[in-house]
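Before any comments, here is the structure.
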Amino acid sequence: MQEYISIKEYAIRNKISYFNAMKLAKSGKVETKTEIIDGKEKILIKSDAKIVTKKEPKKAPTIEDLAKEIEKLKKRIAELEAKL
């Protein structure tokens, strides 16, 4: 059986703020379940839940890329000036 912990415990274990843990739970980025504890509805997060992120590293543009972009912009300016 899988263990579920409170949002506060999840935040402490993963060294994130309580607010960020709550956002993860509400957005569905971590596996959760809702239970009634002491007459109150509580959100519990799976203790071994990993944060699902899709971060792609940003690569810095090369000089060649920048030169190509400048050429495109110069052509676009020339076209627009020709229309006037």
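What you see below is based on every heavy atom in this structure, not just the backbone, and it leaves out hydrogens, waters and symmetry mates.
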Reported CG-to-CZ distance for the pair Asp48 and Arg13, which is rounded to 0.5 angstrom: 9.0 Å

- prompt: For Ile16 and Tyr10, what are the C-alpha separation, side-chain angles and deciding distance, and is it a side-chain contact (heavy atoms from CB on, under 4.5 Å)?
  reply: CA-CA 8 Å; Ile16 60 174; Tyr10 183 82; 4.1 Å; yes

field: Criterion side-chain contact (heavy atoms from CB on, under 4.5 Å) on Asp65 and Glu69, from CA distance to verdict
entry: CA-CA 6 Å; Asp65 293 337; Glu69 187 68 27; over 6 Å; no

query: Within the side chain of Ser47, is there an N or O that forms a donor-acceptor pair under 3.5 Å with the backbone of Glu3?
result: yes

- request: Compare all side-chain heavy atoms of Ile43 with those of Lys26 and state whether any distance is below 4.5 angstrom.
  value: yes

task: Please report the C-alpha distance between Lys74 and Ile70 in whole Å, then the side-chain angles of each, then the deciding distance to 0.1 Å, and finally whether the side-chain contact (heavy atoms from CB on, under 4.5 Å) criterion is met.
output: CA-CA 6 Å; Lys74 285 181 180 178; Ile70 290 170; 3.7 Å; yes

task: Starting at OG1 of Thr62, measure out to NZ of Lys68 and round the result to the nearest 0.5 Å.
output: 7.5 Å

task: Check whether any side-chain heavy atom of Thr32 sits under 4.5 Å from a side-chain heavy atom of Leu44, and report yes or no.
output: no

field: Close side-chain approach of Ile45 and Tyr4, heavy atoms under 4.5 Å
entry: no

query: By side chain to side chain donor-acceptor pair (under 3.5 Å), which residues pair with Thr34, not counting sequence neighbours?
result: none

message: Taking Lys83 first and then Glu81, would you say they form a salt bridge - that is, a charged N and a carboxylate O separated by under 4.0 Å?
response: no

task: Mark yes when over 12 heavy atoms from residues, nucleotides or ligands other than Ile63 sit less than 6.0 Å from its CD1; otherwise mark no.
output: no

- request: Of all the heavy-atom pairs spanning Ala21 and Ile7, show the shortest one and how long it is.
  value: CB-CG2, 3.7 Å

field: pair Ile12-Lys8: side-chain heavy atoms closer than 4.5 Å
entry: yes

